[in-house]
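This report concerns only the one structure given below.
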There are 4 protein chains.
Amino acid sequence: MSAYSIIFIPMARPRSDDKRLTILRAATGLFAEEGLNAPTARIAKAAGVAEGTIFTYFANKDVLLNELYLALKGELRAALAALPASASLKEQVWLAWRSYVHWGVSNPQQHQTLARLAMSPQITADTLAQGNRAFCDVSSLLEQAMRAGPLGQQSVEFAGAMMGAMGDVTMTFVRARPEAAASICQDGFAAFWHALSGA
Amino acid sequence: MSAYSIIFIPMARPRSDDKRLTILRAATGLFAEEGLNAPTARIAKAAGVAEGTIFTYFANKDVLLNELYLALKGELRAALAALPASASLKEQVWLAWRSYVHWGVSNPQQHQTLARLAMSPQITADTLAQGNRAFCDVSSLLEQAMRAGPLGQQSVEFAGAMMGAMGDVTMTFVRARPEAAASICQDGFAAFWHALSGA
Amino acid sequence: MSAYSIIFIPMARPRSDDKRLTILRAATGLFAEEGLNAPTARIAKAAGVAEGTIFTYFANKDVLLNELYLALKGELRAALAALPASASLKEQVWLAWRSYVHWGVSNPQQHQTLARLAMSPQITADTLAQGNRAFCDVSSLLEQAMRAGPLGQQSVEFAGAMMGAMGDVTMTFVRARPEAAASICQDGFAAFWHALSGA
Amino acid sequence: MSAYSIIFIPMARPRSDDKRLTILRAATGLFAEEGLNAPTARIAKAAGVAEGTIFTYFANKDVLLNELYLALKGELRAALAALPASASLKEQVWLAWRSYVHWGVSNPQQHQTLARLAMSPQITADTLAQGNRAFCDVSSLLEQAMRAGPLGQQSVEFAGAMMGAMGDVTMTFVRARPEAAASICQDGFAAFWHALSGA
DNA sequence: GATGAATGAGTATTCATTCAT
DNA sequence: CATGAATGAATACTCATTCAT
């Protein structure tokens, strides 16, 4: 950026990011428990801030919803541990799958809220698109894996959506029987891998 | 009144099943477009009845939601054409899959509203259970097909949920590219069949 | 009655007085328990008639309220047993007092509803006046008794109102301690008689 | 903010007791004119506040009613001027009576609303009890005065209720003929005093 | 006449958002 | 910037009354 740039954003970042995150976290919890129409007043209380404060961080509730969607997608992305390039394709997909399921199981509120947001009419197409952008490395993995499989003629997005959907189902059943988590997660992956690669 | 009737029971306009359905249909449309918190007043207007009329057919909005869930599940069930016992297992599953995807694609509002209801905290566990009861014949198909596959150790419900989830994804992509409906539906099924049977 | 008539309405007295009374009685009970804004629908149900039937007997709810007021005043009037002209003035007043208190205690719903109606803005001045008309014989008793007392300069209505108010208080306390009914009723009368006659 | 304040506690507009009172006063007027089911919206308008504001001061209408009851009882209590211990018993009771009647006559809305609230099923027994607590000094007066009278065997509450009831009647008649206020008030008291003391 | 479904104005209450402090 | 009282449009639900059967 040139020294002549007109818009200068000082380093003094007001509106502490900390408080912003606290609000998002409180919203996540409430949305999981009461649905997306949990009142902003309750979110504020859960976050330990004043009702009005929410609106210094988010222009309105819709903005809050969209930013929360991106934040949760970001957390999920961060949870998908680095995929070691040395490992085999199947192993890499397995690692991605496992971290996805693991994230959903250990962060049930985040996962459920993310699922609800994804279905909500308040999340814009733009936000949805932007949310997917971070997952391109997983996409390229899937692209390779699906080539010879039954979805060979379809788009990577199709395979990605399948992974999300099948992963969600798997999480649900792990949650119901946590003691069988490992086998459920593995069997779910086996099913997904067959669906993807045909073998 | 026939001359044979001895006891005269005066009767006001009977509650019409037709009107009940009109309301449910209007609700389906609005819920698909605006989410489950579409106001009852708008539902009434869309159904062409007075606001109060909704509450002669449904005690409150929650009841409306739950009954709508069951009604939509029922429509879906009815759409799953009779499965010919003569056909092979794979063929029967294929027919079920195809009718499911077809139903969702040609009834997008019903499908989306059903999906939203299924995630909503207002639908009781009891309603969910009751909704599944009608699908036991599909379940027994899946049970046979999954035995030797990767989900062999898991419950039928798991397989059923997978079918639902994978079908939903398939519908979404058919909707985006209707001209490729046939191939998308088939490829989706191929993926599902691999996931289910392992072959 | 002809053998051909299916529906036989006896003397063809329309709007059976019986049903009218049933409705008034049901209203009395509900008004006592829930206040005067108990819904007409509930009154109908309690009376065992259809919602609409109420409005063939009473043009609207206000009319129902006013007619109920008069009906209850009438019942009260009927309960004030004939006052034997042979008895002394004090004894006659005592009999009137005793029957009043007794009526209120043994008909708590009637009494409470009457009290509520009397305070309600929906009862017209005309109705109130008409309700008092039947009590002129009691009035003339009071008129004689009050002459030499502290209220000697005031109107009979004043004394009548005092009797009503003091009687109501007495009923309330009898209801709270029914086992002491007799002494409470007597002491209440003694107080009233002193207030009235000054001795 | 003073330079001496160490801790800065940001404060929004504090909840004003003034506004609370304005609402209660508006409610008093409307309840007197239209009965207790005057809509909250109209109360708000009369008080010059937004509809929602009522609910920042009173959790719901029932709470408003109960708090209004206590407020009115409080006003009445405050109106019962200090009773000079030097005066004779009868004179003290007379002062209490006169201030009571005077209060009711010069605050007809307060008085009528208080009377309606006292009969309403929405006022809890607890509120009623709490409302009476402030009147114990009057009670002890009555206790002395009633000892030798016709109510000697009864509770003070009985005498208190009589005073309230007889006072209410007196107010009503004063209101009808304001020019005769003094004599009506005195005669009413004479009647009450006879009822109480027997002389 | 009797019935109860239909009506729609009316009601208490909620809630996103603003703004005085 | 934070706060939370103030706002008023919006919402689910009620209820007196009408009217088709």
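Everything numeric here is computed off the predicted structure, so don't read it as measured data. Naming: A, B, ... by sequence-line order, numbering from 1 per chain.
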query = So, C/E33 versus C/Q109: side-chain donor-acceptor pair below 3.5 Å or not?
reply = yes

query = Do C/E51 side-chain and F/dC15 base share a donor-acceptor contact under 3.5 Å?
reply = no

Presence of D/K61 side-chain N/O under 4.0 Å of E/dT11 phosphate oxygens OP1/OP2 = no

query = Between A/E34 and A/R42, is the closest basic N to carboxylate O distance under 4.0 Å?
reply = yes

request  = Please tell me if the side chains of C/L64 and C/I43 come closer than 4.5 Å, counting only heavy atoms from C-beta onward.
outcome  = yes

ask   = Between E/dG1 atom P and C/I23 atom CD1, what is the distance in whole Å?
value = 12 Å

task = Check whether any side-chain N or O of C/K19 sits under 4.0 Å from OP1 or OP2 of E/dA2, and answer yes or no.
result = yes

query = Under 4.0 Å between a side-chain N/O of C/Y57 and OP1 or OP2 of E/dA2, yes or no?
reply = yes

query = Are any non-hydrogen side-chain atoms of D/P121 and C/R116 less than 4.5 angstrom apart?
reply = yes

ask   = Would you say a side-chain N or O of B/T40 is under 4.0 Å from OP1 or OP2 of F/dT11?
value = no

ask   = Looking at D/T113, D/T124, D/I123, which hits side chain to side chain contact (heavy atoms under 4.5 Å, CB included) with D/Y69?
value = D/I123

ask   = Given atom CG of B/N60 and atom P of F/dT11, what is their separation to the nearest angstrom?
value = 17 Å

message = How many whole angstroms separate atom CZ of B/R20 from atom P of E/dA6?
response = 13 Å

key: Euclidean distance, atom CZ of residue D/R15 to atom C1' of E/dT21 [Å, nearest integer]   = 16 Å

message = How many whole angstroms separate atom CD1 of A/I43 from atom P of F/dG4?
response = 17 Å

note = Testing F/dG8, F/dT18, F/dC15 for proximity to the side chain of C/F55, the answer is F/dT18

key: Which nucleotide in F/dT11, F/dC15, E/dA16 has an atom nearest any side-chain atom of A/P39   = E/dA16

ask   = Below 4.0 angstrom, N of the basic side chain to O of the carboxylate: do D/R20 and D/E67 qualify?
value = yes

task = Could you check how far CG of D/D17 sits from P of F/dA5, rounded to whole Å?
result = 13 Å

message = Here's a test of your reading of the structure: between D/N37 and C/G52, which maps to the more 5' nucleotide of DNA chain E?
response = C/G52

key: Of C/A59 and A/V49, the one whose closest DNA chain F nucleotide lies more 5'   = A/V49

message = What is the distance, to the nearest angstrom, from the CG atom on D/L64 to the C1' atom on E/dT13?
response = 13 Å

message = If you assign each of B/R42 and D/A50 to its closest nucleotide in DNA chain F, which residue comes earlier from the 5' end?
response = D/A50

key: Distance test, side-chain N/O of A/K45 to OP1/OP2 of F/dG4, below 4.0 Å   = no

ask   = F/dA12 C1' sits how many Å from B/L65 CG, rounded?
value = 12 Å

message = Let's test this: given Watson-Crick or G-U wobble pairing with both distances under 3.5 Å, identify the partner of F/dT21.
response = E/dA2

message = Can you see if the side chain of C/T53 gets near the phosphate of E/dA2 - specifically, an N or O under 4.0 Å from OP1 or OP2?
response = no

